[in-house]
Visitor: 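Mind looking over this structure? Questions follow.
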Amino acid sequence: MAITNSQQAETLSRRAWQRFKANRRGYISLWVFSILFVLSLFAEVFSHDRPLIIHYNNSFYFPLLKAYPETVFGGDFETEADYTDPYVKGLIRSGANWAVYPLNPYYYDTINYQTKHPNPAPPSSDNLLGTDDRGRDVLARLIYGFRLSVLFAFVLTAIGILLGVVAGAMQGYLGGRFDLFAQRLIEIWGSMPELYLLIIFASLFEPSVLLLIILLSLFGWMGLADYVRAEFLRGRNMDYVTAAKAMGVSNGAIMFRHLLPNSMTPVITFLPFRISAAIMALTSLDYLGLGVPPTTPSIGELLAQGKENIEAWWLSLTTFGVLVGTLVLLIFIGEALRQAMDIRRG
């Protein structure tokens, strides 16, 4: 019985997955990273200064979904209730009323005015990882900073892969003068001082995550384009490509239906490493003050605070641990992927 292309692809994918699972370190790292990332997506449920649910006067309220004025709970002001205020807490918990707070009752910009130590305050029962120099909870900022870093890295990596694959595929398949001309343009563009450009644009425009994604995307695709170009240069003269051309298949179909699936090995293999590089890029820019706005939770901003407050060991130690732990997990996943894509391992 003849084996179809889909069956053969399914068999190869199953074998690659078995090789990946055989690397226990990478397999466990994938699970750990996935669990941490999924939990960070629901950070508001685990770390927020608003209660998850309030039962007051036989009615239920959900502050995470809707803002309620203080007068709803028997207060004096028509403005939104400050759930960190001891007076409001007393109103909510009076009599038969009750409220369920998140495990960590702080948002990333919540300032703890009740701390007994000057800021940055050391770890305590109120702030498990202490506070930063503005009185904000370090644990909350790490949770939200981790989520922002990973999401930023995913978006930047996806854009870089899209641009790199398209550019490398066109260079490798078309070849000739187009390839030479494109290579010279890439060399010129790659020689641009990226850090200086970031400094210039940071002074001209208001810092934002979108601005960083746009600027870093302009340079983050060139390394991957070289690998895809090499794969297409190797595969464009294969027999199945020649046969497809003889049958009248269009160049676009040959490039993206036939050549691209056989050229995805470097893309998949380097995926975790590109995510790690994107996280480090955001952290470095935030550390230098060229990244996201100051109020945004950021791992790099916490590292900068640790440098400015060297006696506050909890700032540097916890932030460094989160950053290194994330990068180590991604590196282990990348090593496992590289072994999984190596068909010589059987």
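Remember, it's a predicted structure, so these values are computed and weren't measured experimentally. Side chains included, hydrogens not; waters and symmetry mates left out as well; all remaining heavy atoms used.
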Visitor: Under a 4.5 Å side-chain heavy-atom rule over Ile, Leu, Val, Met, Phe, Trp and Tyr, are L216 and F273 clustered together?
Guide: no
Visitor: Are I28 and V38 connected in the hydrophobic side-chain network, where two residues link if heavy atoms are under 4.5 Å apart?
Guide: yes
Visitor: Please say yes or no: joined through hydrophobic side-chain contacts below 4.5 Å, possibly via intermediate residues, are I111 and V138 part of one cluster?
Guide: no
Visitor: Would you give the length of the straight line joining atom CG of L302 to atom CZ of R136, rounded to the nearest 0.5 angstrom?
Guide: 8.0 Å
Visitor: Using a 6.0 Å cut-off, check whether atom OH of Y240 has over 12 heavy atoms from anything other than its own residue.
Guide: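 Yes, enclosed.
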Visitor: Does the side chain of E70 reach to within under 4.5 Å of the side chain of D82, using non-hydrogen atoms?
Guide: no
Visitor: Taking the side chain as C-beta and beyond, is there a heavy-atom pair between P120 and L315 under 4.5 Å?
Guide: yes
Visitor: Atom CZ of residue position F73 - does it have more than 12 heavy atoms of other residues, nucleotides or ligands inside 6.0 Å?
Guide: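 Yes - once you tally the heavy atoms of other residues, nucleotides and ligands closer than 6.0 Å, there are more than 12.
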Visitor: Quickly, which of Y108, Y107, Y106 forms a ring-ring contact (aromatic ring centres under 6.0 Å, His included) with H48? Name it, please.
Guide: Y107
Visitor: Counting C-beta onward and ignoring hydrogens, is there a side-chain heavy-atom pair between P122 and H117 closer than 4.5 Å?
Guide: yes
Visitor: Looking at F332, does the NZ or CZ of R25 lie under 6.0 angstrom from its six-membered ring centre and within 45 degrees of the ring axis?
Guide: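 Checked: cation-pi criterion met.
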Visitor: Indicate yes or no: at least one non-hydrogen side-chain atom of L156 is less than 4.5 angstrom from one of I275.
Guide: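 Contact flag for L156/I275 side chains = no.
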Visitor: Of E308, K307, E301, which is the lone residue that meets side chain to side chain donor-acceptor pair (under 3.5 Å) with Q305?
Guide: E301
Visitor: Would you say the side chain of N237 lies within less than 4.5 Å of the side chain of V241, judging by non-hydrogen atoms?
Guide: no
Visitor: Using the ring centroid of each side chain, check whether Y101 and Y83 are separated by less than 6.0 Å.
Guide: no
Visitor: Consider only side-chain N and O atoms of D137 and N104, and report whether a donor and an acceptor are under 3.5 Å apart.
Guide: yes
Visitor: Might you point out which heavy atoms bring I299 and S149 nearest each other, and give the distance in Å?
Guide: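 Nearest heavy atoms, I299 then S149: CD1-OG, 3.8 Å.
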Visitor: Less than 4.5 Å apart, any side-chain heavy atom of R141 and any of D132?
Guide: yes
Visitor: Using a 4.5 Å cut-off on heavy atoms from C-beta on, say whether the side chain of N127 contacts that of L139.
Guide: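 No, side chains not in contact.
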Visitor: Consider only side-chain heavy atoms of I, L, V, M, F, W and Y, link residues closer than 4.5 Å, and tell whether F270 and I333 are in one cluster.
Guide: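 They do not share one cluster, since no chain of ILVMFWY contacts under 4.5 Å joins F270 to I333.
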Visitor: Check whether the side chains of D126 and S124 place a donor and an acceptor atom closer than 3.5 Å, and report yes or no.
Guide: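 No, S124 and D126 have no side-chain donor paired with an acceptor closer than 3.5 Å.
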Visitor: Verify whether one side chain among N112 and T131 offers a donor that lies under 3.5 Å from an acceptor in the other.
Guide: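 On atom types as modelled, these side chains do not qualify, holding no pair under 3.5 Å.
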Visitor: Any side-chain donor-acceptor pair under 3.5 Å between Q339 and E335?
Guide: no
Visitor: Decide yes or no on side-chain contact (heavy atoms from CB on, under 4.5 Å) for T296 and L148, but give the supporting numbers first.
Guide: CA-CA 9 Å; T296 307; L148 175 65; 3.5 Å; yes
Visitor: Would you confirm whether the ring centroid of W98 sits within less than 6.0 angstrom of the ring centroid of Y56?
Guide: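 No, too far apart.
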Visitor: Less than 4.5 Å apart, side chain to side chain, heavy atoms only: is that true for V165 and V267?
Guide: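 Yes. Closest side-chain heavy atoms under 4.5 Å.
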Visitor: Can you spot which of F146, F42, F154 makes a ring-ring contact (aromatic ring centres under 6.0 Å, His included) with F37?
Guide: F154
Visitor: Using the rule that Ile, Leu, Val, Met, Phe, Trp and Tyr join whenever any side-chain heavy atoms are under 4.5 Å apart, tell me whether I186 and L233 fall into a single cluster.
Guide: no
